[in-house]
Amino acid sequence: MRIDVYTIFPRIFQSPLEEGLLGKAIRRGLVEVRIHDIRDYAPGKHRQVDDAPFGGGPGMVMKPEPVFEAVTRTLGYRLEELERLKREVSVIMLTPRGERLTQAKVAELASRSHLALICGRYEGIDERVLQHLCTEALSIGDYVLSGGEFAALVIIEAVTRLLPGVVGNLESLREESFSGGLLEYPQYTRPAEYLGWKVPEVLLSGNHGEVEKWRRRMALEWTRRMRPELLNEGDKGEGG
Ligand code: ADE
């Protein structure tokens, strides 16, 4: 999989892309991530990427030209070839106005071959970018970030761990929260007693059937308490 990211803050991505499972996947070539500075594609001496909103109002709006230029030039398309670009690459705008990200959506993204993630600033990005350059808009949740950079990292992280070969133990993907439409059961490790708090007896019993039953019951209880709406969504296969 290849992921191209467009941002005016490229340095935000440096260390997150080097650490942990994600860093390892990149070094192993399982995913290729390229970060592009939108400012490099802004014309003029001042490399201006934003301007006042038409119609008035607070804040600045990101100009369309540098974004169109950055995406088409780095991906090797002409501005006249946007339709072909959009057929070949999923161009995704990160914005709280977008469709809300779920594990099911993450899995769908992981099946595509090439993503382009556009990080707007919260005040806004000229709507023509969304209308004519993007294939979709995604939000990582109902809260507001100052820009799409951290949302892009969330998508890169969540998608990469579903790519073949990234997570060694496939069992751990299957068991984790949302994959069965439930939140995950609680986990314990040694010591069996710490400051007087004991690990549930059944987990020490060696009885796999009982352990499985307990885990299922805990997953259900926890889901009912924290996210009751997931229990009703289960049949629709939304997975979270
Ligand atoms: N940009 C600002 N807030 C965002 C959010 N919640 N999701 C995606 N992009 C954003």
Side-chain angles (χ1 to χ4, degrees), residues 1-17 19 22 31 33-42 48-55 57-68 70-71 74-75 86 89-112 114-163 177-178 183 226-227 229-230 233 238-240:
M1 145 132 359
R2 170 158 163 200
I3 305 177
D4 288 83
V5 179
Y6 300 87
T7 173
I8 55 171
F9 296 116
R11 285 182 304 172
I12 288 180
F13 293 85
Q14 274 170 6
S15 96
L17 296 180
E19 302 292 335
L22 183 55
V31 58
V33 182
R34 297 190 197 175
I35 309 297
H36 308 280
D37 189 344
I38 293 172
R39 206 173 289 279
D40 292 342
Y41 300 86
Q48 188 186 352
V49 291
D50 55 8
D51 207 336
F54 276 127
M60 299 286 269
V61 174
M62 272 173 76
K63 293 164 68 62
E65 310 96 307
V67 183
F68 276 90
V71 174
T74 55
L75 300 185
K86 288 191 279 186
V89 184
S90 298
V91 186
I92 300 169
M93 169 75 73
L94 286 324
T95 163
R97 289 169 67 212
E99 171 192 343
R100 198 160 58 180
L101 190 68
T102 61
Q103 187 64 21
K105 184 72 188 183
V106 169
E108 187 200 318
L109 295 178
S111 73
R112 302 186 191 172
H114 192 171
L115 308 179
L117 306 178
I118 301 179
C119 308
R121 298 313 292 167
Y122 175 59
E123 291 92 57
I125 183 159
D126 189 286
E127 188 72 5
R128 287 165 289 190
V129 173
L130 183 50
Q131 274 186 344
H132 303 292
L133 182 60
C134 294
T135 58
E136 61 216 287
L138 287 178
S139 163
I140 61 163
D142 291 342
Y143 41 82
V144 174
L145 308 168
S146 317
E149 284 75 12
F150 289 91
L153 281 168
V154 164
I155 291 178
I156 296 169
E157 154 79 15
V159 165
T160 297
R161 51 196 304 290
L162 296 187
L163 298 178
S177 291
F178 302 115
L183 301 182
M226 304 301 287
R227 301 287 305 278
E229 78 280 9
L230 290 181
E233 280 176 11
E238 294 232 331

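Both ligands and their constituent atoms are indexed starting at 1 by order of listing.
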Checklist entry - Listed by chain and number, what are the salt bridge (Lys or Arg N to Asp or Glu O under 4.0 Å) partners of R112, not counting sequence neighbours? => result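 Result, salt bridge (Lys or Arg N to Asp or Glu O under 4.0 Å) vs R112: E108, E136.
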Practice prompt. Report, as yes or no, whether the 6.0 Å neighbourhood of atom CZ on R128 holds more than 12 heavy atoms from other residues, nucleotides or ligands.
Written response: no
Taking only non-hydrogen atoms of A151 and a 4.0 Å limit, the atoms of ligand 1 in range are 8 (C), 9 (N)
Q. Going by the order shown, which atoms of ligand 1 are within less than 4.0 Å of some heavy atom of G141?
A.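 This gives 6 (N) as the contact atoms.
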Is the side chain of K86 donor-acceptor paired with the backbone N or O of H132 at a distance under 3.5 Å, no angle test?
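Flag set: sc K86 to bb H132 pair under 3.5 Å.
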- prompt: So, T135 side chain and V91 main chain: donor-acceptor pair closer than 3.5 Å or not?
  reply: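 A pair under 3.5 Å: yes.
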For P53 against V61, the heavy-atom pair lying closest together
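For P53 versus V61, the nearest heavy atoms are CB-CG2, 3.7 Å.
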Where do I38 and P66 come nearest, in terms of heavy atoms and distance?
->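 Closest approach of I38 to P66, heavy atoms only: CG2-CB, 3.7 Å.
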Query raised in the report: Which is closest to atom 2 (C) of ligand 1 in terms of heavy atoms, L94, D142, L145?
Result: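 Heavy atom nearest to atom 2 (C) of ligand 1 belongs to L145.
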Considering only the protein, which heavy-atom contact is closest to [atom], and what is its distance?
| atom | answer |
| --- | --- |
| atom 10 (C) of ligand 1 | P96 CD, 3.5 Å |
| atom 7 (N) of ligand 1 | I140 N, 3.0 Å |
| atom 9 (N) of ligand 1 | T95 N, 3.1 Å |

Exercise. Is there at least one pair of N or O atoms, one from Y143 and one from ligand 1, spaced under 3.5 Å apart?
Worked result: yes
Q: Using distance alone, determine whether L138 and ligand 1 share an N or O pair under 3.5 Å.
A: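 No; every N/O pair is 3.5 Å or more apart.
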Checklist entry - Side chain or backbone of S139 under 4.0 Å from ligand 1, or both, or neither, by non-hydrogen atoms? => result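 It is both parts that get close, each with some atom under 4.0 Å.
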dist F9:CZ -> R39:CZ (nearest 0.5 Å) comes out at 7.5 Å
